[in-house]
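First up is the structure itself, then whatever we jot down about it.
In what follows, chains are A, B, ... by sequence order, proteins preceding strands, each numbered from 1.
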Number of protein chains: 2
Amino acid sequence: MPPTPAVPHGKRPTLADVAARAGVSTALVSIVMRDAKGAGAATRERVLRAAQEIGYRPDARARLLRSHRSHLLGVQFGLQHPFHSDLLEGIYAVAEPAGYQIALSAVAAGRGEQRATDTLLADRCEALILLGPQAPAARLAELAAQLPVVSVARRLRGSAPGVEVVRTADDEGARQAVDHLVALGHRDIAHIDGGRAPGAADRRRGYRTAMSRHGLADRVRVLPGGLTEEDGAAGARALLEATSRPTAVLAFNDRSATGVLDTLLRARVPVPGGISVIGFDDSHLARLAHINLTTVGQDIPRLTELAVGRAIARLEGEKMPDGEAVVAPRLVVRGTTAEPG
Amino acid sequence: MPPTPAVPHGKRPTLADVAARAGVSTALVSIVMRDAKGAGAATRERVLRAAQEIGYRPDARARLLRSHRSHLLGVQFGLQHPFHSDLLEGIYAVAEPAGYQIALSAVAAGRGEQRATDTLLADRCEALILLGPQAPAARLAELAAQLPVVSVARRLRGSAPGVEVVRTADDEGARQAVDHLVALGHRDIAHIDGGRAPGAADRRRGYRTAMSRHGLADRVRVLPGGLTEEDGAAGARALLEATSRPTAVLAFNDRSATGVLDTLLRARVPVPGGISVIGFDDSHLARLAHINLTTVGQDIPRLTELAVGRAIARLEGEKMPDGEAVVAPRLVVRGTTAEPG
DNA sequence: AGTCATCACTAGAACGTTCTAGGAACGAGC
DNA sequence: GCTCGTTCCTAGAACGTTCTAGTGATGACT
C-alpha cells in the first residue's frame with residue numbers, strides 16, 4: 001500500500017485513514033475535525049497534518065446521519081425570478097454565519113414545487129424556506145405538520161396553520177408610491193397589477209385605498225398584468241391606446257416596469273416628462289444606471305434575516321410571537337418620476 | 001383534516017418503524033421501497049400501505065452513505081446570471097431522467113467558488129459541473145484530480161488537464177453575426193466586447209477575422225465592455241460620442257445588448273433604422289416581445305445534454321473522445337437588425 | 001496518603017440505510 | 001428418499017461519522 005496522498009477517483013479518505021496515519025483513534029480525529037475540545041495541542045497539530053496530507057474531507061452525509069441535528073435549511077426558489085436570486089444571496093449571508101447550511105431546490109419547467117420540496121425533505125432539511133410558493137395552502141399545511149415552514153412573500157391568512165409568513169407590507173408600498181406621485185402633482189395614476197402573483201392583491205388594494213384617501217377614487221384604473229416584462233409592456237400598450245392617458249403608472253414589479261418603460265420609449269413618450277413610472281422590488285434591474293427606476297424597495301436583508309431567523313427560532317424551540325412578520329417597504333426615488341409635464 | 005399521522009417534529013419514521021408496523025424485516029422494507037425484486041405481491045402491498053400510513057420517507061443521506069454510488073451531480077452556478085438559470089433548467093431536464101440527482105451550490109457575493117465547490121464535495125457529489133467558472137486553472141485541475149469535472153462555457157486549453165469542456169463555438173457565433181450584418185449591407189460594424197468574461201476572447205477574435213474576411217479590417221472597432229447591461233450602455237454611449245457612428249453593433253451578450261438598446265432609444269436613434277444591434281445567448285431576455293432582439297443563440301439543450309452526458313460517461317467508465325465539445329451557435333434573426341438606413 | 005477533578009484519549013454503540021449471506025418452505029427431478 | 005432450484009424472507013454486517021461512557025494519567029486539595 002502506498003502511504004501516499006494521491007487519492008484516485010472513487011475512494012475518498014475517511015476518518016479511519018487519518019487516524020491510522022496519525023496513530024490515534026477515529027474518535028479523536030473527529031474531535032479535531034470538529035474543533036471540539038478534548039485534544040492536546042500537539043496531537044491536534046499532528047492530526048491536522050495527517051488529514052491535510054491525505055486530502056481528507058469530512059463526509060457531510062455521514063455527519064448528518066449520525067448527529068440528530070442536521071443544521072440544514074431547505075430553500076425552494078424559482079429559477080426564473082431575479083428577485084429570488086437576490087433573496088438567496090441574503091439567505092446565504094444570514095444562514096451560514098449562524099451555523100446553518102443551505103440546500104437549494106429549484107422550481108423550473110418540468111420540476112414543480114412538489115418535486116422541489118420532496119427532495120428537500122429527503123435530504124433531511126430541518127426546516128423549509130419557500131420563496132413565493134404557489135402551492136395550495138393545504139399542501140403547505142401538510143408540510144408544516146412535519147417541520148417548520150416559512151413562506152416568504154406569499155401571504156396565508158388562516159389557511160395554512162403552522163406556516164410562518166415573512167412578507168413586505170405590499171399595501172403600504174403601493175400607498176407610498178401613490179403618495180409620492182400625488183405629492184408631485186399627479187392625479188391620473190394607473191396601476192398595472194400582478195394578476196394572481198403573490199402580493200398582487202395587496203398591492204392592488206393598497207393602490208385603491210391610497211387613491212381614495214386622496215379623493216381620487218374616480219381616477220382609479222387597474223389594468224390586468226403579471227410579473228414579467230411582457231405583462232408590463234402589454235399594460236402600457238393598453239394605456240397608450242386608451243382615450244385618456246394617465247400621467248403616472250405604478251407597475252406590479254420592476255420587471256413589469258421595465259416592460260412599461262420600453263413601450264413608452266418606443267412610442268416616444270418621454271419618461272418622466274410625459275409619464276412617470278414606478279416599479280416594485282428594487283431589484284438589480286432597477287438600480288442599473290440606464291434604467292434608473294423609481295421603485296418601492298423591499299428590504300431584502302430584513303426579509304431574509306426574518307425568514308432564516310424564524311426558521312432557526314422554531315428549530316431551537318423558542319416561543320414565537322406567531323403570525324406574520326411584515327416588513328416595511330421603502331420608496332426609492334430615482335429618475336422615472338417627476339411632476340406631470 | 002389531512003390524514004397526517006402523528007409524527008411530531010424531530011422524529012421522522014424510519015425503515016424500522018415501517019417494518020414493525022408491517023410485521024416484516026427492515027431489509028424487506030428496503031427492497032419494497034427501492035422497488036427491487038425479492039418481495040411477494042401481497043407483502044409488498046402491505047409494506048407500502050404501512051409506509052403510507054406513518055408517512056415514511058427514505059432518508060437520502062443514509063441511503064447515499066450506504067450505497068457506494070451516490071448518483072449526485074454537483075452544479076456550481078452564479079446567482080446573478082440569467083443564462084445560468086436557463087442552463088440549470090436544461091440540466092435538471094437531462095439529469096433526472098437519467099437517474100441522477102442535482103445538488104446546487106451558488107456563487108454569490110461573499111460566497112466564492114471555493115466555498116461553492118467545497119460544499120459540493122462534502123455532499124459527496126460524484127462529479128462537478130461548473131457553469132462559467134472563473135477559478136484559476138490550477139484549482140480546476142486540482143478538482144479534476146479528485147473527480148470528473150465539466151466546465152461549461154469556460155474554455156481551458158491545456159491548462160487544466162482532466163477537465164472536460166463543453167462550450168459554444170463563440171468565434172463562429174460572432175462570425176455568423178458579422179456575416180448577417182454584411183449581407184444586409186453594413187460595413188461599419190462595431191463590437192462591444194465582454195472583457196475577461198468566459199468566451200469573450202473568442203467572440204472578439206471571431207469578429208475580427210470575419211471582418212477581415214469581408215475586407216473590412218480597417219473598419220474593425222472593439223470597445224471594452226463586460227457582461228452586464230451597464231457595460232453595454234457604456235459602450236453605446238462611447239459609440240454615440242465617436243466622430244463616426246457605426247451602422248451596426250455586436251454586443252457581447254443579451255444583457256449588454258439591452259443596455260445598448262436602451263441607450264440608443266434614449267438618444268432617439270432608431271433601431272434597427274439607425275443602428276442595428278445583435279446580442280448573444282438568446283436568453284429569455286432576447287425573446288421578450290418588446291425587446292425582440294436579433295441574437296446568436298446558444299444551443300442550451302445541446303450544451304446541457306453534453307455537459308451532463310460527459311459527466312455521466314466519465315462516471316460510468318466509458319472512454320471519452322476527450323477534448324472539448326464545441327456546440328454550434330445559430331443566429332436568431334428578430335427585429336433589431338435591418339439594412340442600414 | 002487519600003480523595004477528587006481535570007485532561008487526553010479510546011472502545012464501541014449508535015444513525016438509517018443497503019448489501020451479503022444465508023434459511024425455510026415448497027416443488028420437481030432422479 | 002435425496003438433491004436441486006425457486007421464491008420469499010431475515011440476520012447481521014457494512015457505510016463514515018458522532019456520541020456515550022469510560023480509562024489512565026497527572027496534579028491539587030484535604
Side-chain angles (χ1 to χ4, degrees), chain A residues 7 10-48 50-51 54-72 99 101 119 121-126, chain B residues 7 10-48 50-51 54-72 99 101 119 121-126:
Chain A
V7 186
K11 279 222 167 111
R12 55 192 274 167
T14 74
L15 271 191
D17 298 327
V18 179
R21 182 171 247 258
V24 296
S25 71
T26 60
L28 186 50
V29 179
S30 170
I31 287 171
V32 173
M33 296 319 290
R34 277 175 294 142
D35 214 15
K37 62 177 177 182
T43 333
R44 199 175 280 271
E45 189 58 40
R46 192 153 39 93
V47 168
L48 284 176
I54 65 178
Y56 168 77
R57 288 172 186 284
D59 183 323
R61 316 193 99 92
R63 194 170 252 190
L64 291 183
L65 176 58
R66 171 59 226 203
S67 39
H68 83 279
R69 293 290 313 268
S70 79
H71 285 265
L72 243 194
Q101 291 289 318
T119 70
L121 288 179
D123 278 349
R124 256 178 153 225
C125 294
E126 295 189 289
Chain B
V7 184
K11 267 192 191 152
R12 58 191 271 168
T14 75
L15 271 191
D17 299 327
V18 180
R21 182 170 250 259
V24 295
S25 71
T26 61
L28 186 50
V29 178
S30 170
I31 286 172
V32 173
M33 296 320 289
R34 278 174 293 142
D35 214 15
K37 64 177 175 183
T43 334
R44 198 176 282 272
E45 188 59 39
R46 193 152 40 93
V47 168
L48 285 175
I54 65 176
Y56 168 77
R57 288 172 186 283
D59 183 323
R61 317 193 96 95
R63 194 171 251 188
L64 291 183
L65 175 57
R66 170 61 226 202
S67 40
H68 182 226
R69 294 289 313 271
S70 79
H71 285 265
L72 243 195
Q101 291 288 319
T119 70
L121 288 178
D123 279 348
R124 258 180 152 222
C125 293
E126 294 189 290

When all nucleic acid strands are considered with a 4.0 Å heavy-atom cut-off, which category describes [X]: base, sugar-phosphate, or nothing?
| X | value |
| --- | --- |
| B/S30 | base |
| A/A39 | sugar-phosphate |
| B/R69 | nothing |
| A/R34 | sugar-phosphate |

Nearest heavy-atom pair of B/A22 and B/A50: which atoms, and what distance?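 Closest approach of B/A22 to B/A50: CB-CB, 4.0 Å.
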Please report, rounded to the nearest Å, how far the [atom2] atom of [N] is from the [atom1] atom of [X].
| X | N | atom1 | atom2 | result |
| --- | --- | --- | --- | --- |
| B/H68 | D/dA14 | NE2 | C1' | 13 Å |
| A/M33 | D/dC19 | CE | C1' | 18 Å |
| B/D123 | D/dG16 | CG | C1' | 14 Å |
| A/R44 | C/dC7 | CZ | P | 13 Å |
| A/R57 | D/dT17 | CZ | P | 12 Å |
| B/R61 | D/dG16 | CZ | P | 16 Å |
| A/L64 | C/dT17 | CG | P | 14 Å |
| A/L15 | D/dT17 | CG | P | 4 Å |

For the side chain of [X], starting at C-beta, report the closest nucleotide among [options].
| X | options | result |
| --- | --- | --- |
| B/R66 | D/dA14, C/dG16, C/dT10 | D/dA14 |
| A/S25 | C/dT10, D/dT10, D/dG16 | C/dT10 |
| A/T43 | C/dA11, C/dA8, C/dG16 | C/dA8 |
| A/S67 | D/dT17, D/dC19, C/dT10 | D/dC19 |
| B/D59 | C/dG16, C/dA8, D/dA11 | C/dG16 |

Sequence neighbours excluded, every pair satisfying side chain to side chain donor-acceptor pair (under 3.5 Å) that has a member inside residues 18-32 of chain B: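 Those involving residues 18-32 of chain B are B/R21-B/E53, B/S30-B/R34.
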side-chain contact (heavy atoms from CB on, under 4.5 Å) between A/M33 and A/V18, worked out: CA-CA 11 Å; A/M33 296 319 290; A/V18 179; 5.7 Å; no
So which one's nearest nucleotide on DNA chain D is more toward 5', B/R124 or B/G38?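 Between the two, 5'-proximity favours B/G38.
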Check whether any side-chain heavy atom of B/D123 sits under 4.5 Å from a side-chain heavy atom of B/R61, and report yes or no.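 A side-chain contact exists here, since the closest heavy-atom pair is under 4.5 Å.
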Using side-chain heavy atoms (C-beta onward) and a distance below 4.5 Å, is A/V32 in contact with A/L48?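 A/V32 vs A/L48: side chains touch.
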Atom pairs under 3.5 Å: protein N/O with N/O of nucleotides 22-27 of chain C:
none

Taking NZ, NE, NH1 and NH2 as the nitrogens, is one of them in B/R44 or B/D35 under 4.0 Å from a carboxylate oxygen of the other?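 A salt bridge links B/R44 with B/D35.
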Under 3.5 Å: donor-acceptor pair, side chain of A/R57, backbone of B/A122: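 No: the side chain of A/R57 does not pair with the backbone of B/A122.
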With nearest nucleotide decided by heavy atoms, which residue, B/A27 or B/A62, maps closer to the 5′ end of DNA chain C?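 Between the two, 5'-proximity favours B/A62.
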Applying side-chain contact (heavy atoms from CB on, under 4.5 Å), run through B/I31 and B/L28 and close with a yes or a no. CA-CA 5 Å; B/I31 286 172; B/L28 186 50; 4.2 Å; yes
A/T14 side chain N/O closer than 4.0 Å to the phosphate oxygens (OP1, OP2) of D/dG16?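 No.
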